[in-house]
Amino acid sequence: MADKSEKTKARLPRGFADRSAEDIRAVEKMMTTIRSVYELYGFEPADQPLIEYTDALGKFLPDQDRPNEGVFSFQDDDDQWLSLRYDLTAPTARFVAENYERLPKPYRSYRSGWVFRNEKPGPGRFRQFMQFDADTIGTPGVAADAEMAMMMADVMEALGIKRGDYVIRVNNRKVLDGVLEAIGLGGDDNVGRRLTVLRAIDKLDKLGPEGVRLLLGPGRWDGGKEGEGDFAKGAGLNDGQAEAVLRATARNTQAGQDSSVSTNAVYQEGVGELSTIEALVRAAGYAEDRIAMDRSVVRGLEYYTGPVFEAELLAEIPNEDGQIVRFGSVGGGGRYDGLVSRFRGEPVPATGFSIGVSRLMTALKNLGKLDSADVIAPVVVLVMDRDTDSLGRYQKMVSELRAAGIRSEMYLGGAGMKAQLKYADRRGCPVAIIQGGDERAKGELQIKDLIEGARMSAEISDNAEWRAARPAQVTVAESELVAEVKKILAAQAADRAKGGA
């Protein structure tokens, strides 16, 4: 026997999570709804592998001996670097480029699956999580972007989120890029500063204009005052540059810019595309309470090239600690014209949207919009005798129940009757089937309504009364098994419908 000190410690890796049956079913239910909307819009399912060549992912090209920034990577036996995908978009771009000639253009597809980030985990920040994407590749006009925003609004409502509790916010990276170019941050030499500016803008909701102004300028202490918390170095913009950025990103702004910004060609192109998207969604009947033009939306700091969008939940929702919070973003996307082009050396326009499945599921559960309670635990046939003949009879009962469409199982453990009933209770089983030697001799069996039994046991305190009442237990002929179980399950369903058991 191995020494206890040699036992392997059971421990979950940081940044990963185990999933319960309830969570799995809730996700499947939610994704079925999302899938139905994507299908309604004419998108087709597709799937790519979890592993890609590292250079195909593009965003995290290795600059050292091994690619270790942002992705989980390993070297194949041919010395090629492979990585777990960090999103679903890069593999889609690779697939389209590789199969470009045979695919219909535009290519409209959706996919769901796990993605992996080799990053420091934290509260609500996992190294493995699920996304559900839809992409249109091969459409240069912003009508495809407008359609993405409308489809996301329809997804929110299909999931039971009412108007006023969500909004799809739309911006255009060309607006931001034009402003940055106009204030002197264009060109390859300013890539780092541009990213710092974009990250600062992304904190507008959290820090407000004045907090962001500090991040655009000299920097900001996390605590809000000098010496409090860590210091975040700013982008080093002067007052005029910072003001131009803040004016351009004010939510729902119609304010003008100084001439250097307003006459910038990239800026003008972005504003024009936003106006076209707004006209298209309004013509289709999507008012501002569903789809709003919002200059503060950043998204995709490194690869979005045009319109960007974000699905935000506005409802105040209790979190896991019971605190009422504004939930915020549950998905986003935008135009990424450069990803497929990277493989083909020619322009290939593309736009897409990604839903954060786990985050949206948590929000829906806390809103009471997602429930897996309609999945009933199995009926359990207890094993009272373990000879081959008896086991065959128990298995025959299970087969009859399953043939009638009733979820059921024969107890396969080695415990006695008391422990078997405890097992059934822990599983939440609705019914237990019991047949010992006496019942078998008479061709009968006992059927125990465990839901009703639990309710009645709470009302009966005296053992004598319990023995006399024998709550929720009936004896029937073997031939009546299926009919009686159906009757009990129907009664339980009626109780649930009335808000009962």
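Nothing fancy with the numbering, it's 1 onward along the sequence. Being a predicted model, the structure only gives us computed values, none of them experimental.
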| said: For a quick check under 3.5 Å, do Y423 and R427 share a side-chain donor-acceptor pair by atom type? | reply: yes
| said: Could you check whether any side-chain N or O of R407 sits under 3.5 Å from a backbone N or O of I376, counting only pairs where one atom can act as donor and the other as acceptor? | reply: yes
| message | Has Q268 got a side-chain atom pairing as donor or acceptor with S262's backbone, closer than 3.5 angstrom? | response | yes
| field | Smallest separation among heavy atoms of P106 and T139, with atom names | value | CG-OG1, 3.1 Å
| query | When the ring planes of F132 and Y38 are compared, do they come out parallel, tilted or perpendicular, using 30° and 60° as the limits? | reply | perpendicular
| task | Looking only at non-hydrogen atoms, find the nearest pair between M150 and V281 and report the distance. | result | CG-CG1, 3.8 Å
| If you look at every heavy atom in R117 and F72, which pair is closest and at what distance? | O-CE1, 3.5 Å
| Which atoms form the tightest heavy-atom contact between G234 and T196, and what is the distance? | C-CG2, 3.9 Å
| side chain to side chain donor-acceptor pair (under 3.5 Å) between D135 and Y336, intermediate numbers included | CA-CA 10 Å; D135 298 270; Y336 54 94; 2.6 Å; yes
| said: Could you check whether any side-chain N or O of R85 sits under 3.5 Å from a backbone N or O of W114, counting only pairs where one atom can act as donor and the other as acceptor? | reply: yes
| Just checking, any donor-acceptor pair under 3.5 angstrom between side chains of Q48 and R94? | no
| Exam field: side chain R335 to backbone P307, donor-acceptor pair closer than 3.5 Å | no
| Polar side-chain atom of D337 near backbone of T305 as donor-acceptor pair, under 3.5 Å | no
| message | Is it true that, when you exclude D222 itself, more than 12 heavy atoms of the residues, nucleotides or ligands shown sit nearer than 6.0 Å to its CG? | response | yes
| How about F16 and F126: are their ring centroids closer than 6.0 Å? | no
| request: Could you verify whether a donor N or O on one side chain and an acceptor N or O on the other, from T351 and D145, lie under 3.5 Å apart? | output: yes
| remark: Closest non-hydrogen atoms of I168 and F309, given as atom of the first, atom of the second and distance, are CG2-CB, 4.4 Å
| request: Assess K105 against Y100: is NZ or CZ under 6.0 Å from the centre of the six-membered ring, and within 45 degrees of the ring's axis? | output: yes
| said: Does the structure place the NZ or CZ of R108 under 6.0 Å from the centre of the six-membered ring of F43, at an angle of no more than 45° from the ring's axis? | reply: yes
| Side chain proximity check, T92 to I137, heavy atoms < 4.5 angstrom | yes
| query | With no hydrogens and no angle check, do the side chains of D154 and Y41 hold a donor and an acceptor under 3.5 Å apart? | reply | yes
| said: Does any part of the side chain of V381, heavy atoms only, come nearer than 4.5 Å to the side chain of E409, both counted from C-beta? | reply: no
| message | Donor-acceptor check, side chain of S354 to backbone of Q131, threshold 3.5 angstrom: yes or no? | response | no
| field | Shortest non-hydrogen contact between L314 and R169, atoms and distance | value | CD2-NH2, 3.8 Å
| Residues E39 and Y110: side-chain donor-acceptor under 3.5 angstrom | yes
| task | Mark yes or no for whether E288, through its side chain, and A292, through its backbone, hold a donor-acceptor pair below 3.5 Å. | result | no
| said: Using only atom types and a distance under 3.5 Å, with no angle test, would you say the side chain of D23 pairs donor to acceptor with the backbone of R19? | reply: no
| query | Okay, side chain of S341, backbone of E346: is any donor-acceptor separation there less than 3.5 Å? | reply | yes
| Check: G428 main-chain N/O paired with D425 side-chain donor or acceptor under 3.5 Å | no
